[in-house]
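Some notes on the structure that comes next.
Everything quoted here is computed from the prediction, not taken from an experiment. Below, chains carry the letters A, B, ... as their sequence lines are ordered, and counting in each starts from 1.
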Amino acid sequence: MTLRLFNTLSGQLDEVVPADGAELRMYACGPTVYDYGHIGNFRTFLQVDLLRRTLRLFGTRVRHVMNITDVDDKIIRNAAAAGVPISEYTPRFEQAFLDDLASLAVERPEILTRATEHIPQMVSLVERLAARNAAYRTDDGNWYFRLSAFPEYGKLSKKDLDGMTDGARVDVDEYERDSARDFALWKATPPGETGWETAIGRGRPGWHLECSAMAMEFLGESFDLHAGGEDLMFPHHENEIAQSESATGKTFARHWFHVRFLLVNGRKMSKSEGNFFTLRDLLLRGYKASAIRLALISVPYRHQLNFTFDGLDEATSAIDRLRTFAARLRSADLPAGSSLACMAAAARAEEEFRDALAGDLNTAEARAAVFEMVREGNIALDAGQLRSNDRDAMLRVLDDFDAVFAVIADHDAEPTRAAIEWARASGRLDEVAPELLAAQTLTDAEVEARIEERNQARRQRNFRRSDEIRDELASLGILIEDSRDGVRWKRK
RNA sequence: GGCGCGGUACCCAAGUGGUAAGGGAGAGGUCUGCAAAACCUUUAUGCGUCGGUUCGAUCCCGACCCGCGCCUCCA
């Protein structure tokens with residue numbers, strides 16, 4: 001199966017296939033590690049994860065490179081404010097970021113790469129550009145890219161810069177850029193400030209240079225796909241294209257994948273709006289990692305997603321439904337054989353699920369296909385018409401669904417536990433939902449013991465006592481469900 | 001101002017030129033010591049407004065209204 005994906009560069013749906021016929025080489029812009037990641041960041045990384053998981057489901061091998069930007073103005077400023085060198089400042093947030101990705105079940109890219117470890121590659125890129133007269137050094141030691149050296153500039157973001165550049169250029173200060181639109185490749189820094197001594201002078205990389213250098217380092221001068229948030233389209237990706245293609249004369253990335261920003265309560269997320277959430281904020285409020293993941297991937301990547309707490313509740317319920325169905329399938333005692341209707345339901349779900357993903361990663365439709373099968377499966381189960389082969393077929397659909405969505409398999413305890421641990425360590429315990437904290441006061445074994453106590457009371461038909469225990473556990477955020485196959489419980 | 005996206009039931013959200021997926025919530029029911037959970041059923045004569053094209057439009061065209069994003073650090 002082949003994925004058809006919107007390509008910002010071509011402006012249409014293009015098939016995503018490896019140019020070398022073997023391995024899909026993709027580069028995704030990673031985080032600048034100056035703070036904890038927020039849900040907007042994670043929507044993008046989650047959608048990239050969805051992309052790579054879908055490719056793999058379709059049988060495509062992936063070599064996915066993600067950079068960690070560990071030097072830039074914000075980092076330098078924040079580290080200075082914290083009174084630590086950046087080499088001490090960034091690892092903390094890099095680790096937090098990677099932990100957050102793991103919490104959200106985001107697969108690790110094949111290659112993670114840091115900007116500060118590729119200074120030589122960046123320097124040689126500048127030298128190549130200089131040799132082609134596409135880069136120049138100003139008297140203050142900065143290096144700029146000469147936009148006029150790249151006539152195709154604007155082809156990604158569809159900007160026509162002709163009228164915007166410098167038609168009215170009069171006297172350009174000798175210390176300034178030749179054109180206001182020329183962008184910095186390398187920023188000169190005085191001794192004492194973060195910088196590297198290199199052949200092109202002392203300084204540090206401009207923002208765009210690292211991505212070009214590292215993408216080429218690990219994927220070659222020309223590769224299959226480049227991903228990032230919509231804001232990166234201009235100027236970041238446009239500049240990457242300009243500097244890369246000017247240096248190599250080759251197409252940089254063939255396919256460009258951009259994820260739209262999310263809104264929170266209908267507005268752009270910002271600290272001043274009071275609608276700014278990190279992953280950790282949400283975990284501490286008691287939302288499960290799986291629910292956050294599902295909420296962030298259920299709206300297709302090209303649409304704005306309006307993130308709300310209602311949406312998280314919806315995702316929580318939806319996951320419960322899926323998990324309950326999966327558990328029900330697994331534990332059901334079924335006769336051998338298969339039924340035509342159930343096999344057909346599974347086959348249809350599988351086909352629709354794959355088709356939906358193949359059509360520009362339509363997660364909403366893919367989800368719907370599986371939920372339809374869930375309903376059909378439940379009906380068959382209730383009617384005693386589901387047979388063991390049907391079960392296997394439906395479980396396979398759920399497996400494929402989870403290979404991409406990754407929300408049915410329950411790994412929610414660890415992220416929540418880790419978030420509480422982190423809150424404890426960083427003096428933020430007051431941000432933890434009381435119920436969540438309460439639920440942590442009992443170990444699983446202790447909960448089981450209380451439940452056994454209640455079971456005993458129930459056997460003696462001492463329902464007053466039994467309800468007492470149930471209420472007590474409920475106040476600790478532990479929900480009890482009596483079922484035919486015994487008592488199930490879960491932490492809220 | 002330039003570029004772009006969207007307005008579908010109480011909420012979220014797919015979708016197609018031929019009569020509206022899915023999830024959540026609500027209601028009813030099954031089950032249950034009770035409850036919860038689970039499961040089933042049910043919920044848009046209508047898809048921002050007004051015109052047009054068409055045998056037929058939510059889907060195509062035009063105008064308008066509203067919301068949003070990018071154009072500057074930003075995923």
Side-chain angles (χ1 to χ4, degrees), chain A residues 8 11 28-32 34-35 37-48 69 72-74 77 97 154 157-161 163-164 207 227-236 238 258-263 266-271 294-296 298-325 327-328 349 352 356 359 362-375 377-383 457-458 461-464 466-467 470-471 473-474 479-485 487-490:
Chain A
T8 310
C29 287
T32 301
Y34 65 96
D35 203 348
H38 59 250
I39 55 175
N41 295 315
F42 291 119
R43 178 190 197 197
T44 297
F45 295 116
L46 243 10
Q47 292 291 349
V48 172
T69 299
D72 92 320
D73 292 347
K74 272 191 295 286
R77 191 188 59 216
F97 174 73
S157 54
K158 321 293 182 218
K159 286 186 192 304
D160 177 10
L161 296 183
M164 310 169 62
W207 174 32
E230 64 169 328
D231 58 311
L232 299 182
M233 200 167 96
F234 185 90
H236 183 54
E238 200 73 73
H258 290 105
V259 180
R260 272 204 95 174
F261 269 7
L262 62 68
L263 263 34
R267 311 221 136 260
K268 183 167 176 176
M269 180 168 64
S270 75
K271 286 182 175 161
L294 186 63
L296 290 173
S298 287
V299 174
Y301 76 96
R302 277 214 283 159
H303 291 274
Q304 271 177 344
L305 157 69
N306 185 19
F307 185 90
T308 61
F309 290 120
D310 282 350
L312 284 177
D313 290 336
E314 186 273 335
T316 303
S317 301
I319 289 171
D320 273 349
R321 182 169 163 85
L322 291 170
R323 287 180 180 172
T324 302
F325 177 64
R328 216 182 153 198
E352 287 178 4
N362 190 335
T363 48
E365 218 179 313
R367 225 183 90 150
V370 171
F371 273 101
E372 221 155 333
M373 184 194 76
V374 170
R375 193 187 67 242
N378 274 319
I379 291 172
L381 229 28
D382 285 349
R458 290 184 74 215
R461 301 193 71 75
N462 182 353
F463 294 120
R464 212 164 60 95
S466 134
D467 290 351
R470 183 170 65 199
D471 291 345
L473 288 174
L479 304 180
I480 289 186
E481 295 160 17
D482 298 328
S483 80
R484 191 154 289 177
D485 320 313
V487 180
R488 274 198 296 269
W489 67 275
K490 60 182 181 185

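- Residues forming a salt bridge (Lys or Arg N to Asp or Glu O under 4.0 Å) with A/Asp231 (at least two apart in sequence, or on another chain): none.
- Shown here are the side-chain contact (heavy atoms from CB on, under 4.5 Å) partners of A/Ala457, two or more places apart in sequence or in another chain: A/Asn462, A/Arg465, A/Ser466.
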Between protein and nucleic acid, restricted to nucleotides 73-75 of chain B and to nitrogen or oxygen atoms under 3.5 Å apart, what atom pairs and distances do you find?
{"unit_1": "B/rC73", "atom_1": "O2'", "unit_2": "A/Lys74", "atom_2": "NZ", "d": "2.5"}
{"unit_1": "B/rC74", "atom_1": "OP1", "unit_2": "A/Trp207", "atom_2": "NE1", "d": "3.4"}
{"unit_1": "B/rC74", "atom_1": "N3", "unit_2": "A/Lys268", "atom_2": "NZ", "d": "3.1"}
{"unit_1": "B/rA75", "atom_1": "O5'", "unit_2": "A/Asn41", "atom_2": "OD1", "d": "3.3"}
{"unit_1": "B/rA75", "atom_1": "O4'", "unit_2": "A/Asn41", "atom_2": "OD1", "d": "3.0"}
{"unit_1": "B/rA75", "atom_1": "O2'", "unit_2": "A/Thr44", "atom_2": "OG1", "d": "3.2"}
{"unit_1": "B/rA75", "atom_1": "O2'", "unit_2": "A/Gly229", "atom_2": "N", "d": "2.7"}
{"unit_1": "B/rA75", "atom_1": "N7", "unit_2": "A/His38", "atom_2": "NE2", "d": "3.4"}
{"unit_1": "B/rA75", "atom_1": "N1", "unit_2": "A/Leu262", "atom_2": "N", "d": "3.2"}
{"unit_1": "B/rA75", "atom_1": "N3", "unit_2": "A/Gly40", "atom_2": "O", "d": "2.7"}
{"unit_1": "B/rA75", "atom_1": "N3", "unit_2": "A/Thr44", "atom_2": "OG1", "d": "3.2"}

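- The aromatic rings of A/His236 and A/Trp207 lie parallel to each other, with less than 30° between the two planes, well short of the 60° mark.
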Tabulated below should be each protein N or O lying under 3.5 Å from an N or O of nucleotides 7-9 of chain B; please produce it.
none

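- The pairing partner recorded for B/rU53 is none, the criterion being a Watson-Crick or G-U wobble arrangement whose two distances lie under 3.5 angstrom.
- In this structure, A/Lys74 and A/Asp35 have side chains that are not in contact, with every pair of non-hydrogen atoms separated by 4.5 Å or more.
- Only the C1' atoms considered, B/rU42 is 13 Å distant from B/rA25, to the nearest whole Å.
- The partner of B/rC64 is B/rG48, by the rule that a Watson-Crick or G-U pair needs both atom distances under 3.5 Å.
- Here B/rC40 is the nucleotide among B/rC40, B/rG33, B/rG15 with the atom lying nearest to any side-chain atom of A/Ile379.
- Scanning for side-chain hydrogen bond (donor to acceptor under 3.5 Å, both in side chains) contacts around A/His258 gives A/Thr8, A/His237, with sequence neighbours left out.
- Taking the charged nitrogens against the carboxylate oxygens, A/Arg323 and A/Asp320 have no contact shorter than 4.0 Å, which rules out a salt bridge.
- Proximity of A/Leu305 to A/Gln47: side-chain heavy atoms (C-beta onward) are nowhere separated by under 4.5 Å.
- One P atom belongs to B/rG24, the other to B/rC31, and the distance between them is 23 Å to the nearest Å.
- The nucleotide B/rG26 finds its pairing partner in B/rU42, both defining distances of the Watson-Crick or G-U wobble pair being shorter than 3.5 Å.
- Between B/rG18 and B/rC66, the two C1' atoms lie 30 Å apart (nearest whole Å).
- B/rU43 sits 12 Å from B/rA20 when the P atoms are compared, rounded to a whole Å.
- Under the Watson-Crick and G-U wobble criteria, each requiring two contacts below 3.5 Å, nucleotide B/rC34 is left unpaired.
- Two residues are said to be in side-chain contact when any heavy atoms from C-beta on lie closer than 4.5 Å; A/Arg302 and A/Pro300 fail this criterion.
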* **Base-contact (B) and sugar-phosphate-only (S) positions in nucleotides 22-29 of chain B, heavy-atom cut-off under 4.0 Å, - elsewhere** => SBSS----
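- Residues A/Gly266 and A/Asn378 each lie close to RNA chain B; by heavy-atom proximity, the contact nearer the 5' end of the strand is made by A/Asn378.
- When both pairing distances are held under 3.5 Å, B/rC70 makes a Watson-Crick or G-U pair with B/rG2.
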